[in-house]
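One-based numbering, in listed order, for ligands and for the atoms of each.
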Amino acid sequence: MILGQLTDSHIKVGGRLAYGLFDSKVMFEAAIKRLNEFTPKVDAVIVTGDLTDIGLPEEYERLRECLDQIEAPWFPVPGNHDQRDNFLKCFGDLSALKDCDEFAHYCVEDFPVRLIGLDTVVSGKSYGHLCEKRLQWLDHKLNEQPDRPTMLFMHHPPIKVGITHMDVQNLLNGEALFECIAPHKQVKHLACGHVHRAIETCVNGVGVSIAPNGAHAVALDLEPNGPACFEMDPAAFRVFRIDDESLQIVSHVGYVEDNGGKHPFFDENGNLIT
Ligand SMILES: [Fe+2]
């Protein structure tokens, strides 16, 4: 199984440049085109929040124009730049989200790995939090299928990454999430957004990754209390390869721009080109 991940598209109303600098919709559509062209075919795509810039209905309309171009089934969760009500209205027709309660969380049962989307949003706040109700929902869902390898996907990462201005707005109760999933050994991976950088680590034997920037990247500044800045790193996306037999999850980063195509290592006679 090939699972794509797009994140933090920050779609704005027509004609507005993000931070006065770039058209986030153009960049998002380029990433979608690249994922559509990926071989082998992507089986599904998770889209991990900050889908719009400030959560306006018009932004969701433009977002939907983009997402409907994805050829594989796609599954969105909200981020702090989204508005949950408008998010749920925009995606009310998606069968995966039909059982959402007051939160935009749901399970996807169609693939060898079970996907569970989490809603980490706290209205009006940049940070994320999973209240007791949402943690109980997750525990209940994990109890339903203890033997199926499972990946959680969400916006706010439950870890600190060393970029101070992002760490103060991560999932504030990440430890509670890890406590919740600890008895559920089928949870293999957490896929997040929010930091606009490709980041990977492992917590208690569970893989944790953050998808890279499809548009602007948060600056790689590990100085304590470094300023909040972004930089225009090459646009990228994440792809997970889930082995058909072992179901091991491996994560990769691909780049959106055409960088000259593939060059062979070997000539037509099978000799290494030196
Ligand atoms: Fe973002």
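Enclosure of atom CD in E102 by more than 12 non-hydrogen atoms of other residues, nucleotides or ligands within 6.0 angstrom is indicated. Within 6.0 Å of atom CD in E231, more than 12 heavy atoms from other residues, nucleotides or ligands are found, so the atom counts as buried in its surroundings.
Protein N/O/S atoms closer than 2.8 Å to the Fe ion (ligand 1): D8 OD2, H10 NE2, D50 OD2, H196 NE2.
The ring pair (Phe, Tyr, Trp, His ring centres under 6.0 Å) pairs that include a residue from residues 8-48 are H10-H81, H10-H196, H10-H216, Y19-H216, Y19-F230, F22-H216, where partners are two or more places apart or lie in different chains.
Using a cut-off of 4.0 Å between Lys/Arg side-chain N and Asp/Glu carboxylate O, R64 and D93 are scored as salt-bridged.
Checked against a 6.0 Å centroid threshold, the rings of W74 and F91 count as neighbours. The six-membered or imidazole ring of F240 lies near that of H189, with a centre-to-centre distance under 6.0 Å.
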